[in-house]
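Here is the structure we will look at, set down as structure tokens.
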Amino acid sequence: MVLEQIYQHCLNKPKTEETFPFNQDTLVFKVCGKMYALLPLDKWEAGDASITLKCNPEFALQLRDNYDCIVGAYHMNKTHWNTIYLKDNQVSIKTLLELIDHSYDLVISKLPKKLKATITL
């Protein structure tokens, strides 16, 4: 159920597209061609659900201090990316969706004005 909620939440965001740029197992959500969420579907199927999201650097550190299940993202810039492991349900679905929103908004904030203008929130 959580995977479906995440999937629908991301797809409902303006200008979002789902892609598989790395392999057939890693679902990546992008806005205007920029990544904001990564889901390793093979790990979800194996019972090791996680999501990697972009995050403000100070907020990223705060989240890592407050949650054992949030760590710097593997193969990503750990200053700007967190991986949230969902196995132990430490992070509520409400908080998870807020973190997705934060990631999406952060990516939008860094877009050129011309691209920002095409997004209707």
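Any value given below was found using the heavy atoms of this structure, including those in side chains, with hydrogens, waters and symmetry copies removed.
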Residues two or more places apart in sequence or in another chain: which of them pass side chain to side chain donor-acceptor pair (under 3.5 Å) with T19?
none
Is there a donor-acceptor contact under 3.5 Å from the side chain of K78 to the main chain of A73?
yes
Under 4.0 Å between a Lys/Arg side-chain N and an Asp/Glu carboxylate O for K13 and D101?
yes
I'd like to know whether E98 forms a side-chain contact (heavy atoms from CB on, under 4.5 Å) with K94, so could you lay out the CA-CA distance, the side-chain angles of the two residues, the decisive distance to 0.1 Å, and finally the verdict.
CA-CA 6 Å; E98 289 170 355; K94 179 181 181 280; 2.9 Å; yes
Would you say the side chain of V2 lies within less than 4.5 Å of the side chain of W44, judging by non-hydrogen atoms?
yes
Whether the side chain of Y67 engages the backbone of I84 through a donor-acceptor N/O pair (distance < 3.5 Å, no angle test) should be reported.
no
Keeping K116 on the side-chain end and S109 on the backbone end, is there a donor-acceptor pair under 3.5 Å?
yes
Sub-4.5 Å side-chain heavy-atom contact between K30 and V28:
yes
In terms of hydrophobic clustering (I, L, V, M, F, W, Y; side-chain heavy atoms under 4.5 Å; direct or indirect links), are V91 and L38 co-clustered?
no
Once you round to the nearest 0.5 Å, how far does OG1 of T79 lie from CG of N56?
11.0 Å
Would you indicate whether the side-chain heavy atoms of L53 and I100 approach each other to under 4.5 Å?
yes
Could you check M35 against M76 for side-chain contact (heavy atoms from CB on, under 4.5 Å), going step by step and ending with a plain yes or no?
CA-CA 11 Å; M35 295 187 302; M76 304 291 278; 3.8 Å; yes
Transitive ILVMFWY side-chain link L3 to L11, under 4.5 Å
yes
Please report the interatomic distance CG(L99) to CG(L106), rounded to the nearest 0.5 Å.
12.0 Å
Within a strict 4.5 Å, meaning less than it, do heavy atoms of the N82 and L63 side chains meet?
yes
If we only count heavy atoms from C-beta on, is the T26 to F20 side-chain gap below 4.5 Å?
no
State the NZ-OG1 distance between K15 and T118, to the nearest 0.5 angstrom.
4.0 Å
Full working for side-chain contact (heavy atoms from CB on, under 4.5 Å) between L86 and I6:
CA-CA 12 Å; L86 305 173; I6 291 169; 4.3 Å; yes
Would you compute the distance between atom CG of L39 and atom OH of Y7 and round it to the nearest 0.5 angstrom?
11.0 Å
Do the rings of Y36 and F29 sit parallel, tilted or perpendicular, given the 30° and 60° boundaries?
tilted
With rounding to the nearest 0.5 Å, note down the distance linking SG in C32 to CG in L115.
5.0 Å
With a 4.5 Å cut-off on side-chain heavy atoms, are E18 and C10 touching?
no
Walk me through whether Y104 and T16 qualify under side-chain contact (heavy atoms from CB on, under 4.5 Å).
CA-CA 9 Å; Y104 178 86; T16 289; 3.6 Å; yes
Distance-only side-chain donor-acceptor flag, E58 / Q62, under 3.5 Å:
no
Heavy-atom pair with the smallest gap, counting every atom of N23 and D25
OD1-N, 2.8 Å
Contact check, side chains of H75 and W81, non-hydrogen atoms, under 4.5 Å
no
Going only through I, L, V, M, F, W and Y residues with side-chain contacts under 4.5 Å, is there a path from L97 to I108?
yes
What's the separation between atom CG in L96 and atom CD1 in I51, rounded to the nearest 0.5 Å?
5.5 Å
Looking only at the side chains, is there a donor atom on one of S50 and T83 sitting less than 3.5 Å from an acceptor on the other?
no
C69 and its side chain to side chain contact (heavy atoms under 4.5 Å, CB included) partner, picked from K87, Q90, R64
Q90
A side-chain contact here means heavy atoms from C-beta on lying under 4.5 Å apart; do P40 and F22 qualify?
no
